[in-house]
Every structure is written in C-alpha cells, then in structure tokens.
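Below: one structure, written as structure tokens.
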Amino acid sequence: MDYQHQEIEQRWQSAWEDTGLYRSVVDWSRPKYYALTMLPYPSGDLHMGHWYAMTPSDARARYMRMKGYNVLFPIGFDAFGLPAENAAVQRNIHPAKWTYENIDTMRVQLRSMGAMFDWEREAVSCDPAYYRWTEWFFKRMFEHEVAYRSEAMVNWSPTLQTVLANEQVIDGKDERTGQPVVQKMMEQWFFALTDYADELLSFDGVDWPEPIKTMQTNWIGRSEGAEVTFITEAGDEIVVFTTRPDTLWGATFMVLAPEHALVDSLTTDEHRAAVEEYRLQAAAQSELERMEESREKTGVFTGGFATNPVNQEQIPVWIADYVLLSYGTGAIMAVPAHDQRDFEFARHFGLKIQPVIHPTGEDELVEPDMTESYVGPGVMVNSGPIDGVATTDAKGRANPSIAATIDWLEEQRAGKEAINYRVRDWLISRQRYWGSPIPMVHRTDGSVEPVADADLPVVLPEDVEFEGRSPLAELKEFVTTTDSQGRPARRETDTMDTFMCSSWYWFRYLSPKCDDAPFDPEEAAYWLPVDVYTGGAEHAVMHLLYARFFVKAMRDMGVFDDTVRVMQEHRRDPSGLFDEPFMVLRNQGQVLGAERTGDRLVVNGEWDQGRLLASAVRVDPDAAPDAGDVVGELWRRTENLLQVETGQGLVAVEVAVDAVVEIPAIPGSNDVTQLNHHLEIQRMSKSKGNVVNPDELVVEHGADTVRTHLMFAFEWQKGGPWDERGIAGSRRFIEDVWKLGVADYAPEATNDEASLALRRKVHQTIAKVDADMVDFKWNTAVAALMTLRNTMLDALRAGRVSDAAWTEALETLLKLLAPIAPHITEELWHRIGYAESIHLQAWPEADPEIAAEDVVTMVIQVNGKVRDRLEVPASISAEEAEEAAMATEKIRVWLEKGEVRKVIARPPKLVNIVVG
RNA sequence: GCCCGGAUGGCGAAACCGGUAUACGCGGCGGACUUAAAAUCCGCUGUCCCGUUUGGGGCGUGCAGGUUCGAGUCCUGCUCCGGGCACCA
C-alpha cells in the first residue's frame with residue numbers, strides 16, 4: 001500500500017474528466033464565484049512560473065467551491081503575438097502551426113496540475129471564432145468614436161520596415177536584430193483611453209493591492225495646472241500647459257518640441273539651416289543616445305518670438321529635444337528661475353533668468369548668484385497682480401499663488417485651468433501578421449469604413465511568406481477589396497495589439513461557442529463580474545489598465561444592455577457591476593530557478609565599432625578572464641547579438657543568425673527562442689536561476705507534492721529562487737498524509753483527555769487554514785496542516801484517542817488539504833469508504849469551544865523581560881494572575897531587588913511587574 | 001532624480017490589536033535500524049558567558065535614536081536590496 005502518485009493522479013484526472021466534476025453550470029439558486037487566473041501565452045511549455053501562479057488560484061477556487069459557491073474557473077490561451085512570427089522566420093513553421101502545437105503541449109501539462117479548469121469553456125484568441133469578436137469590439141469602438149486614426153510618433157525600424165511596440169525596443173535598438181530604431185510620424189489606429197483617465201484613477205469598490213493602484217495612478221499621471229496661450233509675431237497661437245501658472249511672470253523664453261507644427265513658420269531665414277539640422281538630428285536619435293546626452297541640454301533658437309500674455313513681453317522661441325511632442329501641447333514656457341531643466345538650458349545658452357518667488361526665510365534671489373532653480377515655498381514677487389501672494393509646495397489650486405493666477409488668467413481670458421495626463425491614447429496598430437486584423441477598408445478618396453458585421457471576421461490569410469515583417473501589406477488578394485458600395489478599396493493591413501485580445505477574454509470564457517454575440521447574456525448575467533483575479537504583478541499597468549478601460553468603454557457602448565436585462569429578470573441588482581472587470585486582484589511573485597552562476601561564455605573574435613564579431617563562442621564555467629577576447633555571463637540573446645556581462649559592463653557580441661550556443665543546462669537544440677526562454681527564467685540581477693522543469697518534478701514527486709511545495713516554500717506575493725532540496729519536506733508531508741490515511745487505527749486504551757487534545761488541535765487547524773485561504777496565505781496554511789500531521793502521527797503511535805476523534809481528525813485533514821493536494825485526498829477519501837468526491841464535500845467548520853485552550857502558558861515579566869512562565873487556567877482573573885505571578889520562586893528573587901512600582905496584568909497571557 | 005515595496009537563524013520563512021521572537025520546513029549535528037548505504041525513526045540545533053548534572057544570565061529581528069510597563073510590530077533620521085517611472089512642463 002505504498003503511495004503510488006503517478007497511478008493515483010492519472011486515474012483521478014481521468015475520472016474527474018469523465019464525470020464532468022469541474023463543469024460549471026449556471027444555477028441561480030446558488031451563489032456564484034468567478035475565479036480567474038491570467039491566461040498563459042503558449043510559448044512552448046509550462047514552466048515553474050505557471051505552476052506557481054495557477055496552483056494557488058486553483059486551490060482558492062476549490063476552497064470557494066467547498067464553501068458552497070458555484071465556482072467558475074476557466075482557462076484559455078493568449079495565442080497571438082510576436083514569438084510565433086519569430087518562430088516562423090527562424091524555422092519556417094507557420095505561426096498557426098507553431099502556436100497550436102504549443103497549445104497542445106500545454107494542455108497536457110495544465111491537466112497534469114490537476115486543476116479544476118472547466119475545459120468546455122476554453123478560449124483561444126487566435127481562433128477566428130474568437131477574433132471575430134475582437135474585430136467586432138474594434139468596430140463598436142470605431143462607431144462610438146473611441147477608435148480613431150491619427151498621426152503619431154512611433155518606433156520605426158528601417159531594417160524591418162515596420163513599427164515596433166515600445167516593449168520590442170531595448171535601449172533604442174530592435175530587440176530581435178539589434179538594429180537601431182528611429183522615431184517617425186505615422187498614421188496609426190488609437191483608442192481614446194485618455195477619455196477615461198479620470199475614471200481610471202478611481203478604484204472605488206475594488207479590492208486591489210495598493211502598489212498596483214499606485215503604479216496605475218502614476219502611469220496615468222494626472223497633473224493640474226493651466227493652459228496659457230502665447231501669440232507669435234505672425235499671429236499664431238502657441239498653447240502651453242503648465243503646472244506652475246503662477247510663475248508666468250518669470251517665463252523668459254519658450255521651448256517647442258523639434259517636431260512641433262509651428263516650428264516652420266516661426267523660424268527665420270537666418271536660423272533655418274540650424275533648425276533643420278537640429279530637427280534631423282533629433283529624429284535620427286535613438287532613445288539610447290538621448291539618455292546618454294541627458295546631462296547636457298541641447299537646442300537651437302528659431303529666430304522667432306512670442307508674446308507672454310501676462311506682461312506682453314516678447315520672448316525668444318527655441319526648439320529642444322527635452323520638450324516632448326507627446327506630452328502636454330509639445331510646447332513649454334520656460335521659467336529658468338524656478339524650474340531646473342529650464343535653468344540649465346538658460347545657463348547653457350545665456351538666456352535671461354527672472355526670479356518671481358522670494359524664498360521663505362531667505363534673501364531675495366539675485367539672478368547672477370543662482371546656481372540652481374528655486375522650487376520651494378515663498379512669496380510671489382515681480383508678478384504684477386499676484387505680487388505678495390504666498391506660494392507653497394502644494395499642487396494645483398491648493399497652492400494660493402496658483403489659484404490666484406488661474407482666477408486672474410480666466411478673468412483676462414489669457415488662459416484657463418487645465419488638467420493634463422501622462423498616459424497617452426492606446427496605440428493599437430501593429431504592422432505584424434500574427435494578430436487580429438483590423439476590420440476596416442480604405443476608400444480611394446482617403447476615407448475609411450468598417451467591414452460589415454456579416455463579413456466578420458476578416459480572416460488572416462494562411463498562405464503567406466515570412467521575412468521578419470508582416471506579409472499582409474504585400475499580399476494583393478488580401479489588400480484588394482471593395483467598400484460597401486462595391487467601389488475598389490484597400491483593406492487595412494495593420495493588425496491589433498495583442499493586449500486587445502486579452503482585454504476581454506474572460507467574457508468569452510462565459511460562452512466560447514456563442515456565435516451571435518461576443519458572450520451569452522444569460523451566462524454573463526449570472527457569472528459577472530470576475531470575483532477574484534490572480535496573476536503576475538508585471539501586468540500592473542498595461543494589461544490591467546487596458547482591461548479596465550475596455551470594460552468601461554463596453555459599458556458606455558451598451559454592450560452589457562442584454563446582460564443587465566437578464567440580471568433584472570433574476571432580481572439581481574446590476575448597479576456598479578460593469579464599472580470594473582475584476583473585483584479582487586491578487587498578485588503572486590516570481591519563482592526563479594535555483595541559485596547558480598550564470599552561463600559563462602568565452603568569445604574570441606574581432607572588434608568592430610564597439611562590438612565583437614565572434615569567430616568562436618563556447619561555454620566554460622571555469623574560464624579565466626584572459627582565456628578569450630571576452631569572458632563573462634550571457635545576459636541576453638537576440639537573433640544576431642549576445643549581450644555578455646564581463647563585470648566591467650555589457651559587451652555586444654555579434655554572431656551569425658543561425659549560431660548555436662550550446663548551453664549544458666538546456667536540453668535539446670539551442671535556438672534563439674529556447675535560449676531566451678532559458679535566460680528569461682533566470683531573470684534576476686544578482687542571483688542567476690536555473691531552468692526547473694515542472695514536468696520532471698511531477699514525474700518524480702507527483703503533482704500534489706509539487707503543488708504543496710510551491711504553496712509552502714514561499715510567501716506567495718513575493719516568490720523567490722527555487723531550492724531543489726526543500727521539496728523533500730513537502731514530499732514527506734504528503735507521504736505522511738498517505739500513511740495516516742491508510743493506517744488501520746486501533747486504539748489500545750482510549751483516554752478522554754487525549755481525544756479532547758486532538759480535537760482541540762483539529763478545530764484550531766480548521767480556523768487557521770480557513771483564515772489563511774481567505775487571505776492567500778498558502779505557506780502558513782500548509783504549515784498548520786503539517787503541524788496537524790505531526791500531532792496525528794503522535795496520536796497514531798500512542799493509540800490513546802477514541803475512534804471518533806481519530807476519524808474526525810483524518811477526515812478534517814483530508815478536507816482541509818483537498819484544495820491544495822486534490823489527488824491524494826480524493827484517493828484516501830474513497831479508501832476510507834466514501835463514494836462521493838471529496839471535492840463536493842462541505843468545508844469543515846471550526847467549533848470555537850472545542851478549539852479553546854483551557855490551560856495556557858502565562859508569561860511573567862519583570863521590567864519587560866521574561867523571568868518565569870506559569871501554566872494557568874485560561875479563565876484566570878487579573879487579580880489571580882497577579883497573585884500567582886508574584887508568588888513564584890524565581891520572581892520573588894527579582895522582587896527583592898527593589899520596590900514594586902506597578903503591575904500590568906493581561907490575563908491569561910502575561911503579567912509584567914515593574915520594579916525600581 | 002521621483003514613487004512604491006522589502007530587510008527576522010546556515011537557508012525558505014512564522015509572529016492576531018504593541019505582550020513568550022524564530023511556528024512549519026530545509027540543511028546540519030548526534031543516535032537507532034542495517035554487513036553497509038539509501039529510506040525511515042528518535043533527539044539536538046540564534047549567539048555569547050557562567051555552572052557544565054538540573055540550571056542561570058547577557059546579547060539578539062539592517063543601522064542610529066525616540067515613544068511605551070513592554071517594540072520585529074508605532075514614530076524620526078539613515079543604509080542596503082528589489083520593482084516601477086523617468087528631460088512629464
């Protein structure tokens with residue numbers, strides 16, 4: 001009767017599947033619970049991180065089910081994206097084939113976890129039945145003017161002839177080829193995310209971690225201030241946004257972004273050549289170069305002037321790349337006396353500096369003596385109507401000087417109060433193939449129209465050639481189409497950002513086969529909204545912000561109208577249910593590989609313009625620093641570049657695109673995708689990880705052990721490096737549970753006290769595990785179960801507890817462990833004689849009376865230091881406690897050292913005697 | 001630079017409202033079983049000092065202060081680590 005984990009786990013996994021144990025069906029007579037875990041990207045295989053994220057989510061879903069909820073816990077795949085296209089280029093496999101093969105592998109692996117996923121509800125975002133509705137949502141966005149087309153500065157790769165997403169650009173270079181990326185103006189599709197900026201700043205009614213809320217708030221970056229209009233000599237208006245309108249009287253020049261529309265008309269002939277050159281330079285500059293030069297301000301004078309509306313002063317207009325076209329209005333008023341960047345710029349180019357704040361408690365600022373700008377509090381001076389008004393560190397109208405200035409500006413019609421956001425509208429256009437098509441056609445007159453709903457989805461053509469960029473634009477059959485009037489038209493060849501697919505997937509889970517709407521209102525009315533969402537904190541801003549935006553936009557477009565109607569039919573109050581997608585959010589940390597030194601490379605080659613053209617690359621853990629031209633740890637691999645950390649900094653090593661760097665830690669062939677996967681898992685700056693394959697661990701120890709250990713070994717929110725050895729403890733625990741479960745318990749001489757002691761422990765454990773499950777504190781829940789295991793092993797050996805107490809203990813242990821280790825508990829549950837699944841049992845309830853200790857250890861302190869301990873009845877009174885404390889032998893010794901000044905009694909735990 | 005989060009044994013980590021610091025586990029040490037090893041079982045395991053049989057005491061939660069009868073927990077000022085944002089007007 002050994003514990004045969006493989007046999008047990010496989011048998012139960014099929015049994016659960018056969019009986020449909022995890023099908024979730026709408027049942028209005030029961031309370032619902034929608035538990036969601038972030039859907040995986042089908043990168044190839046499931047790694048430890050997936051297990052770490054998903055098994056606690058699964059345990060929580062199981063717990064809620066045992067608590068009596070009708071739980072929905074679905075799964076799917078976020079299947080569009082760049083890695084599939086890279087695979088296509090590198091290995092000549094169609095992205096669809098690569099993706100679906102990976103999905104097949106991952107389905108098997110996901111099943112091996114023993115999670116209660118309802119596979120009937122699986123959704124795959126690259127399936128036309130799915131992206132039909134992604135396109136449908138785009139159309140609704142377009143119809144409601146949430147989707148629009150506009151010029152924008154984008155990351156353009158001249159090598160690939162395509163726009164790259166920000167996340168594909170690393171240090172100003174294309175992540176994959178290592179070639180430079182430039183900034184370019186292009187017409188792109190956007191979603192008007194900023195329309196919802198204010199609503200997105202509010203987290204009312206949702207329970208999300210504070211750090212995530214802070215990150216989103218900072219990302220949205222609301223700033224309060226004013227818009228002020230300056231007039232050029234030619235009569236054009238230059239609108240600027242400022243958070244410090246009160247310093248307008250100190251504005252001594254203006255700076256426009258090099259790309260600003262008014263630069264041409266402002267530039268005088270004398271300065272035109274310099275301006276043109278600067279603009280070219282700025283456009284060619286990669287982000288990396290800009291960062292390097294961020295110390296020194298650059299810029300050129302346009303020769304033009306504008307009028308400061310508050311004092312009619314003519315001030316020079318410059319252009320400089322520290323002013324960004326994408327933030328505010330792309331133009332600033334420069335107040336060098338009270339803004340450090342402006343100060344540096346003014347000093348560098350010898351421009352006028354005019355102080356307008358008299359600092360509190362200091363002498364008046366004298367321009368030539370200033371070594372930096374003054375940004376502290378004080379009193380306004382040289383500022384006409386607001387002279388003498390106090391200025392503080394407060395922002396917006398809370399600052400008296402700003403409030404006074406805004407009032408004055410509005411009265412004079414020279415400006416108005418304004419709010420600006422750091423967040424930009426969501427750029428969703430991607431010049432990629434493997435994404436959801438944008439269902440639009442361009443008419444010959446330049447206007448656009450959406451594809452008719454009946455013609456959705458616009459299907460991705462399959463017979464295409466890959467050369468590293470999207471083939472759609474080159475594919476005549478795809479591009480050539482007609483508009484609704486039958487006139488020739490050109491099909492949109494951009495596809496959508498994959499974040500769009502993941503912005504609504506939890507709706508598709510509700511009814512993945514629904515073909516007349518994105519989701520079935522009957523299902524939605526019951527299951528929505530998501531009650532708990534679990535996943536990685538790395539999605540703090542992008543995915544989680546887009547998802548919130550999406551739901552708010554859907555609500556305003558009436559997408560939930562039918563759902564609301566069904567809810568009302570069932571007397572469910574819909575108010576507030578469609579404002580936010582996820583009511584509770586919890587993040588797990590990252591599990592990394594075991595500690596080890598990184599992959600130590602020895603590279604010989606030839607130096608060329610700061611990079612090493614490799615002639616030989618080998619892995620040698622013991623390589624000495626002079627063994628090759630470059631020796632160091634492999635940090636990153638792109639198609640033709642290796643980043644090697646030498647200890648003195650990163651060195652770029654150029655290799656052939658098909659170069660194979662054999663790394664012993666990675667089994668099998670070693671292509672770019674695999675190597676990046678390997679490097680990603682060891683992502684940590686100091687300690688390097690190692691790939692830990694969960695499949696191997698499952699074979700060796702069983703899914704129950706792996707699940708238990710992942711929940712036990714770390715603080716879930718924090719994660720940490722995987723320790724190969726630690727799993728032994730969890731394995732022993734699971735085997736002990738087996739031992740307890742199959743033990744033929746036969747008490748020799750039962751003893752009421754022993755029985756009660758066991759029962760007490762059992763009920764204390766229920767209370768502890770229950771509280772921990774609610775709070776996602778898996779490690780202490782498992783620890784409590786291990787303690788119960790220890791108590792039960794002792795009881796089994798002693799044979800003093802009654803049969804009833806033993807049975808209660810065993811059944812409780814199995815039920816409490818069932819969410820964490822679903823297979824072994826199911827097996828033992830049946831072995832002790834039950835026919836129905838343990839996963840359908842009710843969660844045990846703690847009886848506080850049984851759990852209560854009647855004798856407790858009371859600590860006796862003298863001057864705050866523990867001097868003695870005493871076993872006392874839990875019901876002891878303060879007087880009795882005090883008396884007992886003073887009476888012990890040890891304490892009497894301490895009492896002789898002085899006079900008792902005070903006694904603090906906190907019965908039954910503590911008495912503190914102050915002696916002095 | 002700005003904004004978050006963190007720091008507890010050799011290691012992963014516990015500690016409700018301020019009330020026994022180190023639960024649970026790993027590792028280590030000693031012992032039992034064994035021809036032996038593995039597995040398993042039992043005991044010990046913060047640190048220093050005195051007694052060294054049984055015990056007693058000092059010091060200990062990144063650092064320096066403070067509040068309190070009492071601080072890992074609260075307050076002030078730092079240091080280091082992790083994450084996010086970054087010429088944001």
Side-chain angles (χ1 to χ4, degrees), chain A residues 209-219 221-223 225 240-245 247 251 254-255 257 290-291 293-298 320-324 326-335 339-342 344-345 420-423 537-538 540-541 589-590 595 684-686 708-709 712-715 717-730 732-733 735 739 768 771 777 779-790 793 797 856-869 890 893 901-906 909-916:
Chain A
E210 283 306 323
I212 302 286
K213 292 197 276 188
T214 308
M215 267 195 250
Q216 289 206 357
T217 303
N218 293 342
W219 183 266
R222 179 189 156 107
S223 29
V240 302
F241 172 76
T242 174
T243 55
R244 293 302 303 268
T247 62
M254 296 188 79
V255 186
R290 275 200 196 189
M291 304 247 280
E293 289 171 36
S294 65
R295 308 256 87 176
E296 190 86 337
K297 292 273 175 291
T298 64
D321 62 8
Y322 80 92
V323 175
L324 311 173
S326 52
Y327 185 78
T329 60
I332 62 160
M333 64 173 205
V335 184
D339 180 285
Q340 188 58 25
R341 293 173 317 242
D342 297 345
E344 284 166 23
F345 194 84
N420 196 54
Y421 300 95
R422 197 191 77 98
V423 75
E538 67 272 20
V541 272
Q590 241 182 354
E595 301 253 334
M684 226 181 163
S685 51
K686 283 274 163 62
T708 304
H709 191 60
F712 173 63
F714 311 91
E715 194 187 331
Q717 283 84 345
K718 202 169 138 199
W722 176 262
D723 178 5
E724 201 64 49
R725 292 176 301 189
I727 197 167
S730 302
R732 273 177 214 134
F733 168 61
E735 297 212 333
K739 232 181 278 178
K768 174 70 180 153
K777 291 164 101 179
N779 53 346
T780 49
V782 175
L785 290 167
M786 285 177 167
T787 308
L788 178 60
R789 170 268 314 252
N790 292 341
L793 282 174
R797 226 170 286 135
V856 298
T857 304
M858 184 172 80
V859 168
I860 307 165
Q861 296 179 329
V862 176
N863 294 339
K865 286 193 193 300
V866 179
R867 297 301 181 187
D868 203 1
R869 294 181 170 87
K890 282 181 199 163
V893 175
R901 299 198 187 267
K902 197 172 174 186
V903 179
I904 294 115
R906 294 279 180 277
K909 300 272 274 233
L910 174 134
V911 172
N912 187 14
I913 304 161
V914 185
V915 176

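If you're wondering where the values come from, they're calculated on a predicted model, not measured in any experiment. Lettering of chains follows the sequences in order, A, B, ..., and the numbering in each one begins at 1.
In this structure, the side chain of A:N863 engages the main chain of A:V915 through a donor-acceptor pair within 3.5 Å. Of the possible polar contacts, none joining the A:N420 side chain to the A:S223 backbone as a donor-acceptor pair under 3.5 Å is found.
Of the C1' atoms belonging to B:A21 and B:G72, the separation is 7 Å, rounded to the nearest Å. Atom P of B:U68 sits at a distance of 34 Å from the matching atom of B:G10, rounded to the whole Å. With C1' as the reference atom, B:A23 and B:A36 are 37 Å apart, rounded to whole Å. For the P atoms, the distance linking B:A71 with B:G18 amounts to 14 Å, nearest Å. Comparing the P positions of B:C11 and B:U61 gives a spacing of 15 Å, expressed to the nearest Å. One C1' atom belongs to B:G9, the other to B:G27, and the distance between them is 12 Å to the nearest Å. Straight-line distance between the C1' atoms of B:A7 and B:A13: roughly 13 Å, to the nearest whole Å. Spacing between B:G46 and B:A14 at atom C1', rounded to whole Å, works out to 15 Å.
Taking every side-chain heavy atom of A:T214 into account, B:C4 is the closest of B:C4, B:G25, B:C87. Distance from the side chain of A:I332 is smallest to B:A89 among B:A89, B:G12, B:C69. Each of B:A23, B:A89, B:G12 was ranked by its minimum atom distance to the side chain of A:T243; first place goes to B:A89. Comparing B:A13, B:C85, B:A14 by their nearest atom to the side chain of A:K718 picks out B:A13. The side chain of A:F712 lies closest to B:C24, out of B:G58, B:C3, B:C24. Of the candidate nucleotides B:G70, B:G57, B:C24, B:G57 has the atom nearest to the side chain of A:R867.
Ring orientation note: the planes of A:Y327 and A:F241 are nearly perpendicular, at an angle over 60° on the 30°/60° scale.
For B:U61, there is no paired base (Watson-Crick or G-U wobble, both distances below 3.5 Å). Pairing for B:U40 is with B:A32, a Watson-Crick or G-U wobble pair whose two hydrogen-bonding atom distances lie under 3.5 Å. Of all nucleotides present, only B:U45 satisfies the Watson-Crick or G-U wobble test against B:G27, with each distance under 3.5 Å. Figure legend. B:U22 is base-paired to no nucleotide; pairs are counted as Watson-Crick or G-U wobble with both atom distances under 3.5 Å.
Contact record, A:S730 with A:M786: CA-CE, 4.3 Å, taken as the closest heavy-atom pair.
Using a 4.0 Å cut-off between a side-chain N of Lys or Arg and a carboxylate O of Asp or Glu, A:R732 and A:E735 do not qualify as a salt bridge.
In this structure, A:I904 places its CD1 atom 12 Å from P of B:A71, rounding to the nearest Å. Atoms NZ (A:K768) and P (B:C24) sit 13 Å apart, rounded to a whole Å. To the nearest angstrom, C1' of B:A86 lies 10 Å from CG of A:L324. As a whole-Å value, the separation of A:L910 CG from B:G70 P is 13 Å. Look at NZ on A:K909: it is 12 Å from P on B:A21, rounded to the nearest Å. Residue A:F733 contributes atom CZ, which lies 16 Å from atom P of B:U40 at whole-angstrom precision. Rounding to whole angstrom units, CG of residue A:N218 and P of B:G84 are separated by 13 Å. The nearest whole Å value for the distance from the CZ atom in A:R906 to the P atom in B:U68 is 16 Å.
Contact annotation: A:N790 side-chain N/O to B:A23 OP1/OP2 distance is not under 4.0 Å. Contact between the side-chain N/O atoms of A:R789 and the OP1/OP2 oxygens of B:C24 is not found at any separation under 4.0 Å. For A:K865 and B:C69, the shortest distance from a side-chain N or O to OP1 or OP2 is not below 4.0 Å. Proximity of A:R725 to the phosphate of B:G12: no side-chain N or O atom is located under 4.0 Å from OP1 or OP2. A:K777 has no side-chain polar atom (N or O) that falls below the 4.0 Å cut-off from OP1 or OP2 of B:A23.
Nucleic acid contact for A:G719: sugar-phosphate only, since backbone atoms but no base atoms lie under 4.0 Å from a heavy atom of the residue. As judged by a 4.0 angstrom heavy-atom cut-off over every strand, A:K213 is placed among residues making no nucleic acid contact. Among the heavy atoms of the strands, none lies under 4.0 Å from A:D339. Nucleic acid contact for A:R797: sugar-phosphate only, since backbone atoms but no base atoms lie under 4.0 Å from a heavy atom of the residue. Here A:R732 lies in heavy-atom contact (under 4.0 Å) with sugar-phosphate atoms only. When heavy atoms are screened at a 4.0 angstrom cut-off, A:E715 is found touching the sugar-phosphate backbone but no base atom. A:N420 comes within 4.0 angstrom of nothing in the nucleic acid, heavy atoms only.
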Let's go through A:Q861 and A:I904 carefully: what are the C-alpha distance in whole Å and the side-chain angles of both, what is the deciding distance for side chain to side chain contact (heavy atoms under 4.5 Å, CB included) to 0.1 Å, and is it a yes or a no?
CA-CA 9 Å; A:Q861 296 179 329; A:I904 294 115; over 6 Å; no
Stepwise side chain to side chain contact (heavy atoms under 4.5 Å, CB included) test for A:T242 and A:V335:
CA-CA 10 Å; A:T242 174; A:V335 184; over 6 Å; no
Could you please spell out the steps behind the side chain to side chain contact (heavy atoms under 4.5 Å, CB included) verdict for A:R244 and A:D339?
CA-CA 10 Å; A:R244 293 302 303 268; A:D339 180 285; over 6 Å; no
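The environment of NZ in A:K213 is crowded: more than 12 heavy-atom neighbours from other residues, nucleotides or ligands sit within 6.0 Å.
Nucleotide B:G70 is shown with an anti base, its glycosidic torsion being more than 90° from 0. Taking 90° from 0 as the syn/anti boundary, the base of B:C17 is oriented syn.
On a pure distance criterion of 3.5 Å, a polar donor-acceptor pair joins the side chain of A:Q861 and the base of B:G19.
Residue-to-nucleotide proximity on RNA chain B shows that, of A:N779 and A:S730, the 5′-proximal contact is made by A:N779. Each of A:K902 and A:A331 was matched to the nucleotide of RNA chain B holding its nearest heavy atom; the match closer to the 5' end belongs to A:K902.
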